[in-house]
Asker: 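Structure below; questions to follow.
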Amino acid sequence: MKLPFELFISLRYLKSKRRNRTVSLNTFISIAGVVIGVATSIITLSVMTGFQGYFRDKILSAISHVVVMEYAGKGVSDQRSLIDKVGRVPHVTATTPFIISQVMLTAHERVQGVVVRGIDPRTEGTVTDLEKNIRKGSLLDLDRSDKDRPGIVIGEDLARKFDASIGDTIMMVNPIGEESAMGMVPKMRKFILVGIFDAGMYDYNTTFVYISIPEAQRFFNMPDRISGIQVRVDDIYRAAAIAESIQSSIGFPYYTRNWIEMNKNFFSALKLEKIGMSLILVVIIIVASFNIIGTLTMIVMEKSREIAILKSMGSPERSVMKIFMFSGLIIGVVGTVLGSVIGYSAVVVIAQSGIITLPKDVYQVSHLPLSITGYDILFISLMALGISFLATIYPAWQAARQDPVEVLRYE
């Protein structure tokens with residue numbers, strides 16, 4: 001296959017001469033700059049994408065896609081009717097009732113404020129992954145028949161803080177309490193630890209505890225009432241639209257919130273960080289493209305005699321520009337391909353080996369989560385190639401506007 005003469009000459013210009021290796025060294029440096037920029041971009045973007053995916057999965061394992069609650073906060077009394085209405089909405093796959101409130105737990109002379117959720121152990125697994133996250137004990141033991149000490153499920157990190165294990169007694173204290181002759185007296189109840197879960201996030205493991213709905217109703221004085229309905233949908237990214245459909249179906253006095261709204265600040269911060277990192281990575285690739293400009297400028301200066309001869313032989317300015325544009329694009333393509341391979345390989349190795357560990361109480365995850373998609377790699381590659389192409393324009397224009405008469409006058 002015969003190469004176009006512009007491409008053939010551009011390849012020759014990127015090679016070194018025996019008497020002068022400067023051009024080949026600068027070519028190598030230019031390629032290395034693009035490789036580092038692309039590989040760094042892929043690894044960094046994979047970290048941001050990995051964190052987003054990890055936290056999304058862990059959050060959705062602990063909370064439902066949509067919740068339905070009552071405006072006044074007094075609770076839902078006609079839960080069967082509400083569950084039937086919500087269940088008939090398209091794209092709703094499962095529902096379960098819940099009660100939510102804040103209490104204090106104490107065990108072994110340690111105290112922790114937590115969010116207690118009253119759940120139905122038999123249907124909770126259809127909406128969240130709590131049942132899958134149980135590491136010790138059983139979620140079904142929340143329905144234990146011991147009325148003196150009903151069951152409770154707490155997180156792994158909270159159990160470690162309390163130095164508690166299955167079968168230990170945990171005291172639940174409601175600061176609001178009850179009216180008495182002595183004034184407001186905190187309400188207390190003993191529970192027995194029947195399960196320990198690991199949601200994969202330190203905050204959830206230390207904040208959420210679970211008891212059965214009947215026990216929550218008795219403890220919070222909510223006879224025959226619940227706080228709301230948890231809903232699972234068939235597409236998490238359409239949760240907002242499905243929540244609106246649910247709202248239209250049930251109407252006032254109920255309202256809906258989807259998982260994105262409930263964690264809006266968190267995901268907005270992650271998205272902003274990803275945008276900021278993407279801009280920094282663009283700057284890194286732009287800086288790498290300066291090497292391409294420098295290399296092509298040096299080639300133009302060294303090859304001015306050859307350029308003048310080509311123009312004297314009738315080569316148009318467009319062909320001369322193509323020669324140097326091809327040279328820059330070859331550097332960009334080689335650097336982008338190598339950078340993509342190196343970056344993707346590094347992501348795979350780090351993700352599979354888990355060699356990078358993180359303090360779980362700070363980052364909510366014990367190992368660095370990495371995830372990269374084909375679209376991310378394509379975006380970075382096209383960006384690198386586009387910047388590389390733009391870097392070729394000025395040196396190519398310089399070469400094309402040279403006057404062969406001035407160059408060859410003293411030859």
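Here the structure is a predicted model, which is why all the values come from computation and not from measurement. For this chain, numbers begin at 1 and follow the sequence in order.
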Asker: Return yes if some donor-acceptor pair links the side-chain N/O of Thr126 with the main-chain N/O of Thr123 below 3.5 Å, else return no.
Answerer: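 Yes.
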Asker: Just verifying a value: how many Å separate Ile377 CD1 and Ser340 OG, rounded to the nearest 0.5 Å?
Answerer: 6.5 Å
Asker: Can you give me the closest heavy-atom contact between Ile196 and Ala159, atom names plus distance?
Answerer: CD1-CB, 3.9 Å
Asker: Have Gln247 and Arg257 got a donor and an acceptor in their side chains that come within less than 3.5 Å?
Answerer: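 On atom types as modelled, these side chains do not qualify, holding no pair under 3.5 Å.
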Asker: One pair to check against side-chain contact (heavy atoms from CB on, under 4.5 Å): Ile43 and Val347. What are the steps and the verdict?
Answerer: CA-CA 6 Å; Ile43 294 171; Val347 169; 4.2 Å; yes
Asker: So do the side chains of Phe98 and Ile213 get within less than 4.5 Å of each other, counting heavy atoms only?
Answerer: no
Asker: Between Asp376 and Thr373, is any pair of side-chain heavy atoms under 4.5 Å apart?
Answerer: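 SC-SC contact between Asp376 and Thr373 confirmed.
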Asker: Taking it one step at a time, do Gln112 and Leu158 satisfy side-chain contact (heavy atoms from CB on, under 4.5 Å)?
Answerer: CA-CA 8 Å; Gln112 174 77 29; Leu158 184 58; 3.6 Å; yes
Asker: Nearest 0.5 Å, please: how far is CD1 in Ile99 from CD1 in Ile226?
Answerer: 7.0 Å
Asker: Can you measure from CG (Asp143) to CG (Asp120) and round to the nearest 0.5 angstrom?
Answerer: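 Reported value, rounded in 0.5 Å steps: 7.0 Å.
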Asker: Closer than 4.0 angstrom, basic N to acidic O: yes or no for Glu156 and Lys136?
Answerer: no
Asker: To the nearest 0.5 angstrom, please state how far the CZ atom of Arg80 sits from the CG atom of Leu82.
Answerer: 10.0 Å
Asker: Less than 4.5 Å apart, side chain to side chain, heavy atoms only: is that true for Ile63 and Asn263?
Answerer: yes
Asker: Begin with the C-alpha distance, continue with both residues' side-chain angles, and end with the deciding distance and a verdict on side-chain contact (heavy atoms from CB on, under 4.5 Å) for Ile330 and Val334.
Answerer: CA-CA 6 Å; Ile330 289 169; Val334 173; 4.3 Å; yes
Asker: Flag the pair Ile192 / Pro150 as yes when at least one side-chain heavy-atom distance between them is below 4.5 Å, and no otherwise.
Answerer: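 Sidechains of Pro150 and Ile192: no contact.
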Asker: Okay, side chain of Thr49, backbone of Leu45: is any donor-acceptor separation there less than 3.5 Å?
Answerer: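 Yes; at least one donor-acceptor contact below 3.5 Å.
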Asker: His108 side chain to Asp163 main-chain N or O, any donor-acceptor pair under 3.5 Å?
Answerer: yes
Asker: For Ile246 versus Thr256, what's the shortest heavy-atom pair and its separation?
Answerer: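 Smallest heavy-atom distance, with atoms named: CG2-CG2, 3.8 Å.
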Asker: One pair to check against ring-ring contact (aromatic ring centres under 6.0 Å, His included): Phe51 and Phe55. What are the steps and the verdict?
Answerer: CA-CA 6 Å; Phe51 267 109; Phe55 285 125; 5.8 Å; yes
Asker: Distance-only, no hydrogens or angles: does the Asn133 side chain make a donor-acceptor pair with backbone N or O of Asp129 under 3.5 Å?
Answerer: yes
Asker: For residues Ala164 and Leu193, report the shortest heavy-atom separation together with the two atoms involved.
Answerer: CB-CD2, 4.0 Å
Asker: For residues 208-246, which residue pairs qualify under ring pair (Phe, Tyr, Trp, His ring centres under 6.0 Å), counting only residues two or more places apart or in two chains?
Answerer: Phe197-Tyr210, Tyr204-Phe208
Asker: Sub-3.5 Å donor-acceptor pair from the side chain of Trp259 to the main-chain atoms of Ile236, do we have one?
Answerer: yes
Asker: Taking side chain to side chain contact (heavy atoms under 4.5 Å, CB included) as the criterion, tell me which of Met171, Arg110, Met172 meets it with Leu105.
Answerer: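 With Leu105 as partner, side chain to side chain contact (heavy atoms under 4.5 Å, CB included) holds for just one option, Met172.
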Asker: Quick check against the 3.5 Å criterion: does Asp168 have a side-chain atom that pairs as donor or acceptor with the backbone of Ser165?
Answerer: yes
Asker: Say you draw a straight line from CZ of Arg117 to CD1 of Ile100; how long is it, rounded to the nearest 0.5 Å?
Answerer: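 Rounded to the nearest 0.5 Å, the CZ-CD1 separation comes to 4.5 Å.
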Asker: Could you tell me if Thr128 and Glu124 have a donor-acceptor pair between their side chains, going purely by distance under 3.5 Å?
Answerer: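 Yes, a side-chain donor-acceptor pair sits under 3.5 Å.
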Asker: What closest approach, in Å, do Gly343 and Ile42 show between heavy atoms, and which atom pair accounts for it?
Answerer: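 Answer, listing the atom of Gly343 first, then Ile42: C-CG2, 3.9 Å.
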Asker: Are the side chains of Thr169 and Arg149 in touch, meaning some heavy atoms are under 4.5 Å apart?
Answerer: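 Contact flag for Thr169/Arg149 side chains = yes.
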Asker: Is the backbone of Asp157 close enough, under 3.5 Å, to the side chain of Thr206 for a donor and an acceptor to pair up by distance?
Answerer: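 No, the answer is negative, given that no donor and acceptor are paired below the 3.5 Å cut-off.
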Asker: Within the structure provided, determine whether Ile242 and Asp234 are in side-chain contact (heavy-atom separation under 4.5 Å).
Answerer: yes
Asker: Check the surroundings of atom CD in Glu261: do more than 12 heavy atoms from other residues, nucleotides or ligands lie under 6.0 Å from it?
Answerer: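 It does: Glu261 CD has more than 12 such atoms within range.
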Asker: Could you check if a side-chain atom of Tyr254 sits within less than 4.5 angstrom of a side-chain atom of Tyr71, using non-hydrogen atoms only?
Answerer: no
Asker: Decide yes or no for Thr95 and Val127: does some side-chain heavy atom of the first lie under 4.5 Å from some side-chain heavy atom of the second?
Answerer: no
Asker: So which atom in Ala216 and which in Gly118 form the shortest heavy-atom distance, rounded to 0.1 Å?
Answerer: CB-CA, 3.9 Å
Asker: Between Ile285 and Met383, which heavy-atom pair has the shortest distance, and what is it?
Answerer: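 Minimum heavy-atom contact is CD1-CE, 3.4 Å.
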Asker: Just wondering, more than 12 heavy atoms not from Phe389 lying within 6.0 Å of its CZ?
Answerer: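 Counting other residues, nucleotides and ligands, CZ of Phe389 stays at 12 neighbours or fewer.
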Asker: Please round to the nearest 0.5 Å and tell me the distance separating atom OG1 of Thr336 and atom CG of Leu385.
Answerer: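 Going from OG1 on Thr336 over to CG on Leu385, the span is 4.0 Å.
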Asker: Output, in order, the C-alpha distance, side-chain angles, deciding distance and verdict of side-chain contact (heavy atoms from CB on, under 4.5 Å) for Arg189 and Glu215.
Answerer: CA-CA 10 Å; Arg189 183 78 185 274; Glu215 291 302 328; 3.2 Å; yes
